[in-house]
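What you see below is based on every heavy atom in this structure, not just the backbone, and it leaves out hydrogens, waters and symmetry mates. The chains referred to below are lettered A, B, ... by the order of the sequence lines, with proteins before strands, and numbering in each begins at 1. No experiment lies behind these values; they were computed from the predicted model shown.
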Amino acid sequence: MIKFFLMVNKQGQTRLSKYYEHVDINKRTLLETEVIKSCLSRSNEQCSFIEYKDFKLIYRQYAALFIVVGVNDTENEMAIYEFIHNFVEVLDEYFSRVSELDVSFFNTVFHGTWQAHSSPYQIGSCSVTQAGVQRCDHGSLHPGSPGLK
Amino acid sequence: MPAPIRLRELIRTIRTARTQAEEREMIQKECAAIRSSFREEDNTYRCRNVAKLLYMHMLGYPAHFGQLECLKLIASQKFTDKRIGYLGAMLLLDERQDVHLLMTNCIKNDLNHSTQFVQGLALCTLGCMGSSEMCRDLAGEVEKLLKTSNSYLRKKAALCAVHVIRKVPELMEMFLPATKNLLNEKNHGVLHTSVVLLTEMCERSPDMLAHFRKLVPQLVRILKNLIMSGYSPEHDVSGISDPFLQVRILRLLRILGRNDDDSSEAMNDILAQVATNTETSKNVGNAILYETVLTIMDIKSESGLRVLAINILGRFLLNNDKNIRYVALTSLLKTVQTDHNAVQRHRSTIVDCLKDLDVSIKRYAPSKRWHIDTIMRVLTTAGSYVRDDAVPNLIQLITNSVEMHAYTVQRLYKAILGDYSQQPLVQVAAWCIGEYGDLLVSGQCEEEEPIQVTEDEVLDILESVLISNMSTSVTRGYALTAIMKLSTRFTCTVNRIKKVVSIYGSSIDVELQQRAVEYNALFKKYDHMRSALLERMPVMEKVTTNGPTEIVQTNGETEPAPLETKPPPSGPQPTSQANDLLDLLGGNDITPVIPTAPTSKPSSAGGELLDLLGDINLTGAPAAAPAPASVPQISQPPFLLDGLSSQPLFNDIAAGIPSITAYSKNGLKIEFTFERSNTNPSVTVITIQASNSTELDMTDFVFQAAVPKTFQLQLLSPSSSIVPAFNTGTITQVIKVLNPQKQQLRMRIKLTYNHKGSAMQDLAEVNNFPPQSWQ
């Protein structure tokens, strides 16, 4: 089961965060800095799965952005690893060459995409593959997104 | 009042903030504006404001005053409002807020909305943060939606149902009729979520489990279609059709097949097919194989299938991808633990894997603790099949991880408390208890709950190891030595230890007898030396190869192989070795860290040692250069003397950080050399050396450095301000860099000096820091 999903950049600034279990707001920033610290201290030789407290962290680095998913023991780590990549591919299609800037500016849109893409994962798994790209055009991602009026 | 700024503007403004304080100021200003806008009950801009609030919430600022606004947005008729409202509800609200119950009515209405997207939003939100009361109220609606023909809604409803069941397990029965047709869907989305729902139901209730067993043939059929179907662009991920669904189905099959012969039999074929047909070149394929292996191991599969699974794991271990190796290691250990019989049958395959296990673990262990835990698990389950050098390797690993001593000794103690038949485990445990017994008794352990152990209990367990019929003489040797070491670590039970040791002075086992007599002598004649002799062991030098059985020797305590009881070939050999020890004793009478009694001696009841001790020449002559073959490391006394300081925190890994040339221009060369501090790993000490190869001196030389925001820099005073010509001398200066976030070190340096009558100035950036200096 996914516990949380973070997109944090190398300087420790959170670009997107979604928690599936309640975490106090001040504990969140602490969690985020600790998570990014452990991800940053990994070298290329080490694998992408870290054991942190009672979660497992699965992370992938895309340029300066780290996508970190925290899961509990019952998840298949490699499937999640693949899933993260899938999500990024979907975003890439939607934003045509997505970048970290897009994550900041289109924050709500990213939330929506993540919601659609991972709604099964809220409770345990993932279902959207390339079909997700089409799905993104409707549903939660109404073109007239707020804040961009 | 002017229109509130857009989210984009806000983000832009925040990005221009240079410090945390500036950012906080901007956010507070904006929060105030938002609050006044909320008070005015402005419908047009509410959406925009809440969006901004959500962004600020993500950055870590409190946003509770927006909760009610979210509700108002949800109640609005506009889709854009609803969307932000629901998003806000999911992020800001949860069961603890009283406000959330007000949502129930809104959600109910929206679940019956005419637009599927609105219904979808409502389902999402309910599935995300619905409390048990909300779930109870709305379960009927969800169930209705589970039966619609609209696949978009169906899949969301299935997930919502999972959440409802989690919150209110009693409602599971309600969803049972709806599940009848779920697996008949063509749409992968619905299939997937249905499998999730079924998995959840099976995990929660054994009745459901029995009920759903009849679905196994259908699941097998679906899986088969997935594998056999050709390329389908909709579901393709790197050449495999919907791997996520495949993994999910495998997991459900695992749950259904557990402890059930019929289901397991029905699955055998498809599992074999998946295992053989899946392409392993990409991560996706490996993920599916991993899940398949887990499933095979868990159900009552036939032996051929198990062999296949273990072979797959073996192949994973040899793969280049570190992720795959990690995954293979963890599942291999799970297998060894839970299914000992299957493991026995495939002993040879496993042993081959175990041979590489050590190498892989050493390189890829995520942490020392994991490493120790893993080897311990292997020791407890594989028992006597473990390779010979696993014991000394583990001991070496334990001494190296100083911070883990208390944790390790506690775990080992607990492990042998119940069962001391596994020889390697007992040996390691005895050794550790001997070394770190004081930590065990004092109950300091940070990693785990400390247990209360008394000195007597520890001695009890060690004595039972000694007496037990299952212990080999090697193990007994370990135990006796451990008891002896404890005589310096424990305070109240020294008499008991003396008694035990003297009993074994007349033991039939020659090895034990010899040791016991020596220890007795230590108690009687050489009591003043006892504490010095039995001090903690220093960190051992690592043996680099892991090839076939290179028996690692410690400083003088050889592997107590039975061979040692034979008298050593030549007379001078024991003398030279004794000389080593005794020279050290003589030359350095503060705290010579010498391990317990050297063992290669003639078997005449240890009397010879005492003679040697008696007529030693205490002039501190250098130890015999040709180190005896059985003790390879004691070839350089300086090494030993180095290690003899009372702080065994010798970290030989730090010694090898390469130095770099940071700047070289116009005859001025600056070199950086690095040192890492043992006590504070985020501090790097850089020593710069500036040299001048031109024919005139450089005077008034000033070196300045700047580092990125996340570092801290301390520049100590330089040795001088003149760099003499022709490289005849250098200026040395020390820089201390604090790097708490372990980021890559970068530095900008500014050099000013006078040369050939004119003032020179230069700026440069240093980027070639070696990774060992900052990692």
Side-chain angles (χ1 to χ4, degrees), chain A residues 10-20 22 25-26 28-29 32-33 36-37 40-41 43 45-51 76-79 81-83 85-86 104-105 107-108 111-112 115 119-120 122-131 134-135 138-140 142 144-149, chain B residues 6-8 11 47-48 51-52 54-55 58-60 62 79-80 83-84 87 94 96 117 120-121 124 127-128 155-156 159 162-163 188-189 192-193 196 199 233-237 242-245 247-248 283-284 286-287 290-291 322-323 325-327 363-364 366-367 370 741-743 771 775:
Chain A
K10 271 209 238 173
Q11 273 79 47
Q13 296 165 314
T14 310
R15 295 295 178 208
L16 191 74
S17 72
K18 179 83 175 108
Y19 289 84
Y20 292 99
H22 180 78
I25 192 152
N26 29 357
R28 284 188 199 190
T29 22
E32 283 155 25
T33 21
I36 193 68
K37 204 165 42 173
L40 279 178
S41 61
S43 70
E45 300 303 313
Q46 295 170 298
C47 67
S48 315
F49 315 130
I50 310 177
E51 286 168 28
N76 178 334
E77 299 96 335
M78 295 183 25
Y81 188 73
E82 195 57 40
F83 170 68
H85 191 67
N86 201 262
S104 327
F105 280 99
N107 190 255
T108 42
H111 259 294
Q115 205 64 27
S119 44
Q122 279 177 36
I123 340 229
S125 77
C126 161
S127 80
V128 177
T129 52
Q130 292 306 86
Q134 287 93 36
R135 283 188 202 125
H138 44 73
S140 332
H142 205 266
S145 359
L148 307 175
K149 287 183 224 149
Chain B
R6 300 183 184 179
L7 175 60
R8 249 186 168 167
I11 296 176
C47 185
R48 200 186 275 191
K52 284 186 289 189
L54 291 178
Y55 183 77
M58 187 194 77
L59 291 178
F79 180 76
T80 42
R83 183 162 46 119
I84 291 289
L87 184 62
D94 56 46
R96 295 151 217 248
F117 301 119
L121 276 179
C124 258
C128 184
K155 87 184 145 132
K156 290 203 191 265
L159 287 173
V162 176
H163 180 85
H188 279 214
H192 195 130
T193 51
V196 176
T199 314
E234 253 208 14
H235 305 119
D236 181 79
V237 176
D242 209 341
F244 304 112
L245 179 58
V247 165
R248 269 279 140 189
N283 182 56
V284 215
N286 287 323
Y290 173 45
E291 196 71 35
K322 43 206 157 34
N323 292 339
R325 269 195 270 207
Y326 173 88
V327 141
R363 266 194 267 157
Y364 301 105
S367 73
W370 185 87
Q741 293 187 12
K742 295 216 187 287
Q743 299 206 346
Q775 268 182 348

Participant: Name the region of B:Val284, side chain, backbone, both or neither, that has any atom closer than 4.5 Å to a heavy atom of chain A.
Facilitator: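 Both backbone and side chain.
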
Participant: Between the main-chain N or O of B:Tyr290 and the side-chain N or O of A:Asn76, is there a donor-acceptor pair closer than 3.5 Å?
Facilitator: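 Flag not set: sc A:Asn76 to bb B:Tyr290 has no pair under 3.5 Å.
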
Participant: In sequence, state the C-alpha distance, the side-chain angles, and the governing distance for A:Leu40 and B:Lys742, and then conclude on side-chain contact (heavy atoms from CB on, under 4.5 Å).
Facilitator: CA-CA 7 Å; A:Leu40 279 178; B:Lys742 295 216 187 287; over 6 Å; no

Participant: How close do A:Lys18 and B:Cys128 get, counting heavy atoms only, and between which atoms?
Facilitator: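 In this case the closest contact between A:Lys18 and B:Cys128 is NZ-SG, 3.6 Å.
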
Participant: Can you see which heavy atom on A:Ser17 is nearest to which on B:Met58, and at what distance?
Facilitator: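 Reported closest heavy-atom pair: OG-CG, 3.5 Å.
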
Participant: Could you report the tightest heavy-atom contact between B:Ala287 and A:Ala79, atom names first, then the distance?
Facilitator: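 Heavy-atom minimum between the residues: CB-N, 3.8 Å.
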
Participant: State, to 0.1 Å, how close B:Tyr55 and A:Arg15 come at their nearest heavy-atom pair, and which atoms those are.
Facilitator: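 Scanning both residues, the minimum pair turns out to be OH-NH1, 4.5 Å.
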
